[in-house]
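To start, the structure itself, in structure tokens.
Keep in mind that the numbers below use all heavy atoms, side chains included, and drop hydrogens, waters and symmetry copies. If you're wondering where the values come from, they're calculated on a predicted model, not measured in any experiment.
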Amino acid sequence: MGQAVVYLTDKAKMAERWSGSWSMARIVGIGRYSLEKIRKKDLFYIDKTKFIKEWWDSGDDVTLIARPRHFGKTLTMSMIEQFFSTSYAGWGELFEGLAIWGDESYRRLQGTYPVISRSFANVKENRYENARYRIGQILMDVCFQDRFLLEGDILAPQERAYLDRVSKR
């Protein structure tokens, strides 16, 4: 993956906000997993939006993002969700000033796909049965939050039965 670039607001905004003082430190949002919250609170953020372009251009069917704990996997998934999701259509300001926003073709992609995103970061069970149950709950939350999955013929009967079975364990 390419080199990360430190996100800083443009000089005019910084000068207006901090009266020209470049010595003000930015808060590092430790434990923040939402790009939206980081950007809205203007926290320190290392721009990794180039990953979106590299990932999209690769055309891979499956992508495994394997990193040690606390290396930004959940934040990266949040970034991808908030870039592509129709729930964030018209939220281009989240990406203004970031690497991905410099490419017009990617600006047109922002907010154009339905995205289902779930994190298993909080599944910290000590027993297999409990972990499986928690994951089942998270998968069922997809159905309850995104009702479109249960409507029409999006899910095959076997998929509906599976989700029902998993959620009851």
Side-chain angles (χ1 to χ4, degrees), residues 1-7 29 31-39 45-125 128-169:
M1 198 160 95
Q3 190 176 28
V5 177
V6 175
Y7 156 74
R32 306 288 174 125
Y33 302 116
S34 167
L35 180 65
E36 175 189 357
K37 290 178 183 176
I38 289 171
R39 297 283 293 181
Y45 170 72
I46 296 181
D47 183 1
K48 295 185 179 183
T49 60
K50 223 172 141 184
F51 173 81
I52 294 170
K53 183 180 183 336
E54 291 173 8
W55 173 71
W56 187 259
D57 290 347
S58 75
D60 292 338
D61 290 336
V62 176
T63 302
L64 174 64
I65 301 175
R67 299 281 187 274
R69 292 179 64 199
H70 307 292
F71 265 70
K73 294 179 296 294
T74 304
L75 179 56
T76 298
M77 297 310 297
S78 165
M79 173 187 69
I80 291 169
E81 174 189 8
Q82 292 167 6
F83 184 79
F84 286 109
S85 177
T86 54
S87 299
Y88 289 88
W91 287 44
E93 69 273 5
L94 277 178
F95 298 93
E96 286 178 8
L98 300 179
I100 194 72
W101 212 243
D103 187 327
E104 175 65 34
S105 63
Y106 282 91
R107 285 197 297 268
R108 287 193 303 271
L109 280 175
Q110 195 278 320
T112 58
Y113 287 89
V115 173
I116 299 171
S117 176
R118 292 297 175 265
S119 172
F120 299 114
N122 290 325
V123 177
K124 301 180 189 305
E125 308 300 326
Y128 169 79
E129 296 80 16
N130 296 345
R132 183 178 170 144
Y133 178 78
R134 273 293 292 129
I135 291 170
Q137 287 178 318
I138 291 169
L139 294 176
M140 283 309 294
D141 287 346
V142 170
C143 293
F144 294 127
Q145 183 176 348
D146 303 318
R147 297 295 285 169
F148 72 91
L149 287 173
L150 297 176
E151 297 169 3
D153 58 356
I154 293 173
L155 293 178
Q158 304 91 327
E159 292 169 322
R160 285 179 191 263
Y162 176 76
L163 285 174
D164 187 49
R165 200 171 58 247
V166 168
S167 69
K168 291 179 181 175
R169 289 192 179 164

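Among residues two or more places apart in sequence or in another chain, the side-chain hydrogen bond (donor to acceptor under 3.5 Å, both in side chains) test is passed with Trp55 by Thr63. Ala156 meets the side chain to side chain contact (heavy atoms under 4.5 Å, CB included) test with Gln158, Glu159; sequence neighbours excluded. The salt bridge (charged side-chain N to carboxylate O under 4.0 Å, His left out) check on Arg134 picks up nothing, with sequence neighbours excluded. For Ala89, there are no side chain to side chain contact (heavy atoms under 4.5 Å, CB included) partners at least two apart in sequence or on another chain. Remark: Asp103 pairs with Ser105 by the side-chain hydrogen bond (donor to acceptor under 3.5 Å, both in side chains) rule, at least two apart or across chains. Under the rule for a side-chain hydrogen bond (donor to acceptor under 3.5 Å, both in side chains), the partners of Asp57 that lie at least two apart in sequence or sit in another chain are Lys53, Tyr106. Applying the side-chain hydrogen bond (donor to acceptor under 3.5 Å, both in side chains) criterion to Glu93, with sequence neighbours excluded, gives no partner residue. With sequence neighbours excluded, the residues forming a side chain to side chain contact (heavy atoms under 4.5 Å, CB included) with Ser87 are Ser85, listed by chain and number. Contacts of Glu36 classified as salt bridge (charged side-chain N to carboxylate O under 4.0 Å, His left out), with partners at least two apart in sequence or in another chain: Lys40.
Expressed to the nearest 0.5 Å, how far NZ of Lys48 lies from NZ of Lys50 amounts to 13.5 Å. A distance of 13.5 Å separates CD1 of Ile100 from CG of Leu94, quoted to the nearest 0.5 Å. Remark: Lys73 NZ to Ile65 CD1 distance equals 9.5 Å, nearest 0.5 Å. Rounding to the nearest 0.5 Å gives a distance of 4.5 Å between CZ of Phe51 and CD1 of Ile80.
For the pair Trp101 and Thr49, the minimum side-chain heavy-atom distance is 4.5 Å or more. Within the 4.5 Å cutoff, the side chain of Arg39 has no heavy atoms near those of the Trp91 side chain.
Note on Glu104 versus Arg107: salt bridge recorded, some NZ/NE/NH1/NH2 to OD/OE distance being below 4.0 Å.
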Donor-acceptor pairs under 3.5 Å, side chain of residues 108-116 to any protein atom, not counting sequence neighbours: which ones?
{"unit_1": "Gln110", "atom_1": "NE2", "unit_2": "Gln82", "atom_2": "O", "d": "3.4"}
{"unit_1": "Gln110", "atom_1": "NE2", "unit_2": "Tyr88", "atom_2": "O", "d": "2.8"}
{"unit_1": "Thr112", "atom_1": "OG1", "unit_2": "Leu109", "atom_2": "O", "d": "2.6"}

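At least one donor-acceptor pair closer than 3.5 Å links the side chain of Asp47 to the backbone N or O of Ala99.
In this structure, Ser78 and Leu35 approach most closely via the heavy-atom pair OG-N, 3.1 Å.
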